[in-house]
Structures are given as structure tokens and as C-alpha cells.
Amino acid sequence: MCGRFVSATPPAVLADTFRVDEVKLGGGGDGGTGPEPSYNVAPTDDVIAVAVSKDGHRQLGTFRWGLVPSWAKDMSIGNRMINLRADTVKDKPSFRKTLARRRCIIPADGFYEWKDMGKGRKKQPFFIRARSGEPLALAGLWEVWKDREQQDAEWLKSCTIITTEPNALLAPIHDRMPVVLPPSVWDVWLDPANDDVAELEKLLVPSPEDLLELYPVSAEVNSVQNNGAQLVIPLEGHEAEPD
DNA sequence: CCAGACGTTGTT
DNA sequence: GTCTGG
DNA sequence: CCAGACGTTGTT
DNA sequence: GTCTGG
């Protein structure tokens with residue numbers, strides 16, 4: 001799955017990488033500065049995502065991580081809807097509709113997975129990133145939600161990361177992984193006029209092994225209180241292990 | 001028909 | 001909103 | 001995802 | 001053990 005990741009690339013670089021034509025991050029003038037760079041993005045944090053706005057701009061926006069569906073009575077469901085299984089997206093009509101209408105890309109410089117080391121031993125965190133060093137494009141869905149009793153409040157924009165089975169690189173670490181979209185399908189994925197869910201579902205597959213590399217990192221990442229580039233330093237004696 | 005759920009992870 | 005269970 | 005809390009009473 | 005908060 002994907003319960004923690006890194007977002008440290010500056011918005012201006014992301015805007016270029018994802019060919020965004022509008023930056024609306026909030027939290028400051030002129031497009032806003034958005035969430036601070038983080039080496040320990042956790043559920044409920046604000047994250048940067050790429051999505052096409054109602055007026056047709058491919059924009060960089062800020063979304064709360066943890067999908068709050070439109071039917072939710074309160075936003076607490078978002079605390080755990082940080083991932084959505086690709087097969088659930090296919091099966092549940094409400095999520096199919098979201099797949100047809102509200103897709104996004106969540107840029108990540110890499111993500112963490114915890115490997116269960118067996119009874120009595122602590123889980124070992126690993127960092128997974130592109131061998132190229134480029135940001136990964138994680139497949140996501142987004143929603144807007146508003147409390148029924150606070151109709152004059154702002155709409156809450158939230159998002160979730162779609163997961164699938166692990167590829168051969170990830171399988172020894174964990175039984176789920178986020179869907180990583182190759183650049184060749186970014187346009188198709190983000191096109192709001194595209195509602196061909198059968199075609200879109202075909203994109204929700206494990207990424208090729210040779211795209212990624214991984215290595216163990218310090219358990220310092222376990223606590224959301226910890227942050228900084230030191231979190232992605234390989235553990236002593238463990239260089240990156242591509243495939 | 002209405003009421004209630006609707007999601008994820010792990011189970012070394 | 002839409003599906004499932006009773 | 002992991003870490004940390006998790007309950008009650010009465011309270012000027 | 002299970003839920004909430006980050």
C-alpha cells in the first residue's frame with residue numbers, strides 16, 4: 001500500500017514536469033506556496049496533486065490526503081481512506097463514478113513501505129523511488145465534500161491513492177503497492193472528457209520492476225513527528241537495490 | 001419497502 | 001449517491 | 001502507514 | 001484489542 005511518502009520537489013518543478021498551466025496551491029499570494037516540502041507525508045496532511053479544473057486548466061492544487069466521499073456524514077472517514085484498491089474502484093458504483101470524473105496524479109519523490117520481519121521483530125521501513133530520480137506519478141482520485149450543517153463552509157478537497165498488487169521488486173516487502181503512471185498515460189488519465197472506465201481500469205496495474213529501486217531506512221520515519229532528508233538515507237551498508 | 005453501510009491495513 | 005440486508 | 005490513547009465522576 | 005490523530 002502506500003501510507004507515507006515524500007513530497008520535496010518544489011511546486012515550480014512539478015508544474016514543469018506535469019505540464020501544468022495553473023498553480024493554485026493556496027496558503028499565500030499568487031498561486032500560493034502550498035504544503036511545505038515533506039519527507040514524511042502522512043494521512044490527513046495536505047498534499048499537492050495534479051487535476052484538471054472545471055474550466056479546463058491542468059492545475060497543481062492542494063488536497064487533504066484521505067478521501068471523504070460525497071455521501072460521508074463527517075470527514076472522519078478520510079482518516080483511513082488514504083488508499084483505494086483498484087478492484088474496489090471497479091466494483092463499487094460510487095467509486096466507478098469518481099473514476100470516470102475525478103482522477104488526479106499525486107506526485108511523490110518516493111514512498112515508504114514497512115516489511116513485517118516476523119513475530120516479535122519490529123517492522124522494517126523501506127524507501128522506494130524511481131531509479132531515474134524523477135518524481136513518481138501516483139494514480140489518485142479526488143472528491144469535494146461539505147458538511148450538511150455548514151453549507152456556507154468551503155468545499156473540502158480530498159484525495160486517495162489507488163493501490164494494486166505488488167510487482168516483483170515490491171512483493172518481498174509488501175502485498176500492495178501504489179499505482180505508478182508512466183508519462184505516456186498522464187494525458188489520458190487526466191483528461192476529464194475521458195469517461196471510458198474500462199480503458200482507465202487497464203492503467204491500474206503494477207509498474208515495471210526496472211522503473212523503481214528500494215532500500216531500508218531508519219525507523220525514524222515511523223513517527224510523523226520526524227521529518228527531513230535524513231529519513232531517506234539508506235541504512236548503513238544498504239545501497240539501493242534495483243530489481 | 002426502509003435502514004444502514006459504504007474504506008483500508010494486517011492477521012510472522 | 002447507490003447498494004445490501006432484513 | 002505508525003504512535004498513542006483508550007474511562008468515569010464532579011468540578012466555582 | 002481497536003480506534004483516532006497525524
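Both backbone and side-chain heavy atoms feed into the values below; hydrogens, waters and symmetry mates do not. In the text below, chain A, chain B and the rest are named by the order of the sequence lines, each starting its count at 1.
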On a heavy-atom basis, the closest approach of A:Lys146 and A:Gln151 is NZ-O, 2.7 Å
Distance in angstrom units between [X] [atom1] and [N] [atom2], rounded:
X: A:Gln124; N: B:dT12; atom1: CD; atom2: C1'; answer: 15 Å
X: A:Ile77; N: B:dA5; atom1: CD1; atom2: P; answer: 12 Å
X: A:Lys90; N: B:dC6; atom1: NZ; atom2: P; answer: 21 Å
X: A:Leu67; N: B:dG7; atom1: CG; atom2: P; answer: 12 Å
X: A:Leu141; N: B:dT8; atom1: CG; atom2: P; answer: 12 Å
X: A:Ile162; N: B:dT8; atom1: CD1; atom2: P; answer: 11 Å
X: A:Ile173; N: D:dC1; atom1: CD1; atom2: P; answer: 15 Å
X: A:Phe5; N: E:dG6; atom1: CZ; atom2: C1'; answer: 13 Å

Across every strand shown, the nucleotide meeting Watson-Crick or G-U wobble geometry with E:dC3 (both distances under 3.5 Å) is D:dG4
For the side chain of [X], starting at C-beta, report the closest nucleotide among [options].
X: A:Pro93; options: C:dT2, D:dC2, E:dT4; value: C:dT2
X: A:Met81; options: E:dT4, B:dT8, B:dG7; value: B:dG7
X: A:Asp175; options: C:dT2, D:dC1, B:dG10; value: B:dG10
X: A:Arg80; options: D:dC2, B:dT8, B:dT12; value: B:dT8
X: A:Phe95; options: B:dT8, B:dG10, B:dG7; value: B:dG7

Is [X] touching bases, backbone alone, or none of the nucleic acid, heavy atoms closer than 4.0 Å?
X: A:Arg176; result: sugar-phosphate
X: A:Tyr112; result: nothing
X: A:Ser76; result: nothing
X: A:Ile82; result: base
X: A:Ser70; result: nothing
X: A:Thr163; result: sugar-phosphate
X: A:Pro43; result: base

Under 4.0 Å: is that the gap between some side-chain N or O of [X] and OP1 or OP2 of [N]?
X: A:Lys97; N: C:dT2; result: yes
X: A:Thr88; N: B:dT8; result: yes
X: A:Lys92; N: C:dC3; result: no
X: A:Arg85; N: B:dT9; result: yes
X: A:Asn222; N: D:dA3; result: yes

With rounding to whole Å, what would you report as the distance between [N] and [M] at their [atom1] atoms?
N: D:dC6; M: B:dG4; atom1: C1'; answer: 27 Å
N: B:dG10; M: C:dT2; atom1: P; answer: 31 Å
N: D:dA5; M: B:dA5; atom1: C1'; answer: 27 Å
N: B:dC2; M: D:dT11; atom1: C1'; answer: 45 Å
N: B:dG7; M: C:dC3; atom1: C1'; answer: 15 Å

Does the structure show A:Trp71 stacking with C:dT2, if we require the centres to be closer than 5.5 Å and the planes to be within less than 30 degrees of parallel?
no
*asked:* Quick one about A:Asp46 and A:Thr62 (side-chain donor to acceptor, distance below 3.5 Å, no hydrogens or angles considered), yes or no?
replied: no
**Asked** Have A:Glu143 and A:Thr98 got a donor and an acceptor in their side chains that come within less than 3.5 Å?
**Response** yes
query = When clusters are formed by joining ILVMFWY residues with side-chain heavy atoms under 4.5 Å apart, either directly or through shared neighbours, do A:Leu136 and A:Ile82 land in the same one?
reply = yes
Tested for side-chain contact (heavy atoms from CB on, under 4.5 Å) against A:Ile106, the lone hit among A:Trp65, A:Phe63, A:Phe5 is A:Phe5
Classify the angle between the aromatic ring planes of A:Phe95 and A:Trp71 as parallel (below 30°), tilted (30 to 60°) or perpendicular (above 60°).
perpendicular
Quiz item: More than 12 heavy atoms of other residues, nucleotides or ligands under 6.0 Å from CD of A:Gln230: is that the case?
Solution: yes
